[in-house]
Amino acid sequence: MARFLEYQGKEWLAKAGMPVPKGRPASTPEEARQAAEWIGGPVAVKGQVQAGGRGKAGIVKLVNTPEEAAKVASEILAKTVKGFPIHQVLIEEKLDIKKEYYCSFVVNGAREARSPMLMFSTEGGMDIEGVAEELIIKANIDPIFGLQMYDAIDICVKAGIPDKDLNKFAAFLTKLSATYKKYDCQTLEINPFVMTGNGDLVCADCKMEIDNSSVNRHPEFGIRIARDLPGEPTELDIIGWSIEETDARGTGFLMNMGYDEKSPGYVGYHPIGGGSAMMGLDALNQVGLKPANYADTSGNPVGSKIYRVAKCVLSQPNIDGYLLGGFMMANQEQWHHANAMVKVLREILPKRPGMPCVLLLCGNREDESLEIMRNGLKDMMTEDGPGKRIEIYGKEYVTDTKFIGERLLALSTEYRAEKEA
Ligand code: GDP
Ligand code: MN
């Protein structure tokens, strides 16, 4: 999911006509001071980070003056929450909160639903996880028409909203439902939205996630990679995305895994499918090798796509080897992989002679596929040829993670010694 920080989500909410507090982000204490001055009066200083529970983590603070805003901002900007550094704070007018409410729109994937679902509660705020189930009203929503006023009123009655406020709350929820649809959200959680002293409803927080599959419909978001990444995309992530973005024939996934090029023990990692990827990690973990990247070429991708992924995996600098990890049995025509591997290794290995390549492949057309690789690489797999550390395995080793790990370790130890000599 493409996930927005609170301040970004609130900007999109505001553009959709939803009520949000006056505010703007700041990256330095001085910017925080200026923002507080621009707002005038007491402000909230809120650390911007992709994690919930910020209130409890101490990165949501209320202050009275621009000077205090600067001081608190400098404290928050120095913190790390759940492993994420905080690069920005949101400076917002302090709300006069009478009561906090919870609502979220999510995807209800249950077979009988397959629709958006609203969860609404009068018990919003920082302790939503502790609120009793029966106090959270849930309703599936028509994916085309969205939440309608009459249903919203019904939901508000169930939630215990007093009669005089029913229209106000129902209008708020229907508008939010329309916003959820307009932006193709996967999640839109407002916890809390609050009623202020003069009776207005305002979005005090915002967690907005856009459905990856609809990012192409929203150039206005400027989302570069419609993929779940732990942080800023690396060069490999960007290349990986470009392989997928332009070619929907099977999966050709590729992303960075925190590769530290300066440390030994990393290998280019190329599993085929999710289950295989887990077994491949078992293989590596057992012998203390580490994956430089994550990849996946499943769903019967075409050879050209597999070739591009494998070439990127193998081109990573300083890796000690390469694992084509076809653990489990892939239900796809494996000769596409075989052809792709021959082409890639014929291009790469003359430049990196002796690099260990353990190729495990099984599934449909296995015998032909292994034959394609053996034949296509035969002239390189001689005792002192560039492919001298290519080893090819099939179904006999399909669950033998220990063996595959040990082979790769033995070959990569040799290779390192040879490189360092
Ligand atoms: P979270 O803990 O990451 O969900 O961060 P929130 O943005 O929800 O903030 C946590 C709590 O801080 C909210 O439940 C409110 O009680 C309080 N809070 C947040 N923003 C404001 C604000 O602008 N004014 C006031 N008075 N309280 C706020
Ligand atoms: Mn919140």
Side-chain angles (χ1 to χ4, degrees), residues 83 227-231 234 236-237 240 244 250-301 306 309-332 334 336-338 340-341 344-345 355-366 369-370 373 389-417:
R227 205 166 251 184
D228 307 337
L229 297 171
T234 63
L236 192 79
D237 293 330
E244 236 7 355
T251 297
F253 193 96
L254 181 63
M255 72 180 268
N256 191 281
M257 284 277 277
Y259 178 31
D260 168 13
E261 294 175 19
K262 290 181 191 77
S263 308
Y266 281 94
V267 296
Y269 186 46
H270 183 171
I272 304 172
S276 148
M278 287 193 269
M279 293 182 76
L281 287 179
D282 274 351
L284 299 182
N285 285 337
Q286 282 178 66
V287 297
L289 291 169
K290 291 166 285 188
N293 65 284
Y294 178 73
D296 176 19
T297 49
S298 60
N300 214 21
I306 301 162
V309 170
K311 186 139 187 183
C312 294
V313 172
L314 277 154
S315 300
Q316 295 176 101
N318 225 6
I319 47 175
D320 286 345
Y322 166 85
L323 174 61
L324 178 70
F327 293 96
M328 312 286 291
M329 201 184 62
N331 189 11
Q332 59 187 4
Q334 296 297 39
H336 302 309
H337 273 79
M341 288 320 304
V344 172
L345 293 177
M355 178 150 82
C357 295
V358 173
L359 313 176
L360 172 64
L361 196 61
C362 50
N364 296 357
R365 303 292 175 186
E366 176 175 330
S369 303
L370 297 183
M373 291 198 292
R389 294 198 185 92
I390 296 175
E391 294 188 1
I392 298 173
Y393 298 104
K395 55 179 163 296
E396 291 76 12
Y397 297 94
V398 73
T399 57
D400 199 345
T401 55
K402 186 161 181 282
F403 174 81
I404 296 292
E406 280 168 358
R407 284 315 305 146
L408 194 56
L409 178 66
L411 295 169
S412 63
T413 309
E414 256 176 54
Y415 177 59
R416 274 207 82 76

### Query
So, do L409 and Q286 sit near enough that their side-chain heavy atoms are less than 4.5 Å apart?
no

#### Entry: Donor-acceptor contact present, side-chain D237 to main-chain N256, <3.5 Å
yes

### Task
For residues V358 and L323, determine if any side-chain heavy atom of one lies less than 4.5 Å from a side-chain heavy atom of the other.
yes

### Task
Kindly give the heavy-atom pair with the smallest separation between D296 and G273, and that separation in Å.
OD1-N, 2.6 Å

### Query
For E406, what residues pass the side-chain contact (heavy atoms from CB on, under 4.5 Å) criterion, not counting sequence neighbours?
V287, K402

### Query
Tell me, do L359 and Y322 make a side-chain contact under 4.5 Å, heavy atoms counted?
yes

### Query
Of all residues at least two apart in sequence or in a different chain, which pass the ring pair (Phe, Tyr, Trp, His ring centres under 6.0 Å) check with F327?
none

### Summary
The reported gap from CD in E391 to CG in L411 (rounded to nearest 0.5 angstrom) is 4.5 Å

### Query
Considering residues, nucleotides and ligands other than M328, do more than 12 of their heavy atoms fall under 6.0 Å from its CE?
no

### Query
Taking the six-membered ring for Trp, are Y397 and F403 parallel (under 30°), tilted (30 to 60°) or perpendicular (over 60°)?
parallel

### Task
Could you pull out the closest heavy-atom pair between D320 and G265, with the gap in Å?
OD2-N, 2.9 Å

### Query
If you look at every heavy atom in C362 and Q334, which pair is closest and at what distance?
O-NE2, 2.8 Å

### Other residues, nucleotides, ligands: >12 heavy atoms within 6.0 Å of N318 CG
yes

### Message
Within this structure, what is the CZ-CG distance for the pair R407 and D400, rounded to the nearest 0.5 Å?
### Response
12.0 Å

### Query
Closest approach of L361 and L370, non-hydrogen atoms and distance?
O-CD2, 3.8 Å

### Closest non-hydrogen atom pair, Y269 against A295
O-CB, 3.5 Å

### Task
To the nearest 0.5 angstrom, please state how far the CG atom of L284 sits from the CE atom of M279.
12.5 Å

### Query
Hey, does Y415 have a side-chain heavy atom less than 4.5 Å from the side chain of R389?
yes

### Query
Taking all non-hydrogen atoms of both residues, which atom of A310 and which atom of M341 are closest, and how far apart?
CB-SD, 4.1 Å

### Task
Could you check if a side-chain atom of L314 sits within less than 4.5 angstrom of a side-chain atom of M355, using non-hydrogen atoms only?
yes

#### Entry: Between CG on residue N285 and CE on residue M278, distance to nearest 0.5 Å
13.0 Å

## Note on the structure
In this structure, CG of N293 is separated from CD of Q316 (nearest 0.5 Å) by 4.0 Å

### Query
Under the side chain to side chain contact (heavy atoms under 4.5 Å, CB included) criterion, do M257 and Y266 qualify, and how do the steps go?
CA-CA 10 Å; M257 284 277 277; Y266 281 94; over 6 Å; no

### Task
Using distance alone, with no hydrogens and no angle criterion, decide if H337 and S369 have a side-chain donor and acceptor under 3.5 Å apart.
no

### Query
Within a strict 4.5 Å, meaning less than it, do heavy atoms of the L324 and I272 side chains meet?
yes

### Within-4.5 Å side-chain heavy-atom neighbours: V313 and I319
no

#### Entry: Heavy-atom check, side chain of Y259 versus side chain of P291, under 4.5 Å
no

### Task
Mind checking the CG-CG spacing from L281 to L289? Nearest 0.5 Å is all I need.
11.5 Å

